[in-house]
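In this text the structure is predicted, and so the values were computed from the model without any measurement. Quick note: residue numbers are just sequence positions, from 1.
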Amino acid sequence: KENYDSYIYIKYHGRLVTQKGISVLARAAEKLLSNNAPVRFIFIGQGQANFEEEFASLSKKYDSKCVFFRGYDRFLSRLCMASADFAVFPSFFEPCGLEDFIAQIYGTIPVAHATGGLQKIINAETGFLYKSNNFEELYALLNSLIKIQLHTKRNFFHTMISYAANYVRKNYSWDIVVKEKYIPLYKSLVQVASDSKSV
């Protein structure tokens, strides 16, 4: 029986399309797996046939070290998120991003390319960001995080996990967003409309 504490679990869930940086993730995962890193990958999603095949091939080549679920199942996705150590978001561009929020709420540390809405992750405080979206940089970051996580027996990131979950609830809950973002926006639009009518 596999000892859970002997491995680091990394999850990706989302559309399998070029925008999401799937090629970057697949190559970084391949390098970690081929180097016998103490890691297990969980991929969930659907999209372009070539990316689906790439993940399917990885799961076949590295049987028991990598698994690919084609399609979407909300319960399975959330279960895998909650059980993972890290969730990876290697998007080339990302207008907003919700899965990083979900990761933080579930106690999973997001690792993301510093682009678009993913930059709401505070590097080394609520997750980790990397700048150049190539597999070498993602591999290097994941490799270092794996070593830290195992060396400290998963204790090192406890403060970050707690802080990230509280940070999201405090700053991005629906009540806060409505009160601090939407209502001021609507009031400013009403004012603009009122001013234009009086001209």
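Looking at I42 and I44, their side chains come closer than 4.5 Å, going by heavy atoms from C-beta outward. Side-chain contact check for I22 versus T18: every heavy-atom pair is 4.5 Å or farther apart. A heavy-atom distance below 4.5 Å is not found between the side chains of E125 and M160. The shortest distance between side-chain heavy atoms of V24 and F92 falls below 4.5 Å. Two residues are said to be in side-chain contact when any heavy atoms from C-beta on lie closer than 4.5 Å; Y130 and N123 fail this criterion. Side-chain contact between Q19 and F93: present, with at least one pair of heavy atoms (C-beta onward) separated by less than 4.5 Å.
Hydrophobic clustering places L142 together with Y62 (ILVMFWY residues linked when any side-chain heavy atoms are closer than 4.5 Å, directly or through intermediates).
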Distance-only donor-acceptor pairs under 3.5 Å for side chains of residues 101-113, two or more places apart:
from, atom 1, to, atom 2, distance (Å)
Q104, NE2, T126, O, 2.9
T108, OG1, M81, O, 2.4
T108, OG1, A84, O, 3.4
H113, ND1, S91, O, 2.7
H113, NE2, K131, O, 3.0

Review item, side-chain donor-acceptor pairs of residues 164-180, under 3.5 Å, at least two apart:
from, atom 1, to, atom 2, distance (Å)
N166, ND2, S162, O, 3.2
N171, ND2, Y167, O, 2.9
S173, OG, R169, O, 3.4

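Under the 4.5 angstrom side-chain criterion for Ile, Leu, Val, Met, Phe, Trp and Tyr, the cluster partners of F75 are L79. In the hydrophobic clustering (ILVMFWY side chains linked at under 4.5 Å, chained through shared members), V190 stands by itself.
Counting all heavy atoms, side chain and backbone alike, F41 lies closest to L32 at CZ-CD1, 3.7 Å. The minimum heavy-atom distance between A29 and F43, with the atom names listed, is CB-CZ, 4.0 Å. Here the shortest heavy-atom pairing between Y7 and V39 reads CD2-N, 4.0 Å. When all heavy atoms are compared, the tightest approach of R40 to S64 is NE-O, 3.2 Å. In this structure, L33 and C66 approach most closely via the heavy-atom pair CD1-CB, 4.1 Å. Annotation for R15 and K20: closest pair O-CG, 3.3 Å, computed over non-hydrogen atoms.
Taking the six-membered ring for Trp and thresholds of 30 and 60 degrees, Y12 and F55 have ring planes inclined between 30 and 60 degrees apart.
E30 and K61 are joined by a salt bridge, as a carboxylate oxygen and a charged side-chain nitrogen come within less than 4.0 angstrom of each other. Here D85 does not pair with K11 in a salt bridge; the nearest charged N to carboxylate O distance is not below 4.0 Å. A salt bridge does not link E136 to R27: none of the charged side-chain nitrogens sits closer than 4.0 Å to a carboxylate oxygen.
With hydrogens and angles ignored, the 3.5 Å screen pairs no side-chain donor or acceptor of E94 with any backbone N or O of G117.
Between the side chains of Q119 and T115, no donor-acceptor pair is found at a separation under 3.5 Å.
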Evaluate the criterion side chain to side chain contact (heavy atoms under 4.5 Å, CB included) for residue pair F68 and L58; output intermediate values, then yes/no. CA-CA 8 Å; F68 170 48; L58 275 176; over 6 Å; no
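In L98, the CG atom is not crowded: 12 or fewer heavy atoms of neighbouring residues, nucleotides or ligands sit closer than 6.0 Å.
T152 pairs by the side chain to side chain donor-acceptor pair (under 3.5 Å) definition with nothing, not counting sequence neighbours.
Under the side-chain contact (heavy atoms from CB on, under 4.5 Å) test applied with I10, the options L25, I146, L145 reduce to a single match, I146.
Sorted by first and then second residue, the side-chain hydrogen bond (donor to acceptor under 3.5 Å, both in side chains) pairs with a member in residues 65-75 read N36-K65, E52-R70; sequence neighbours excluded.
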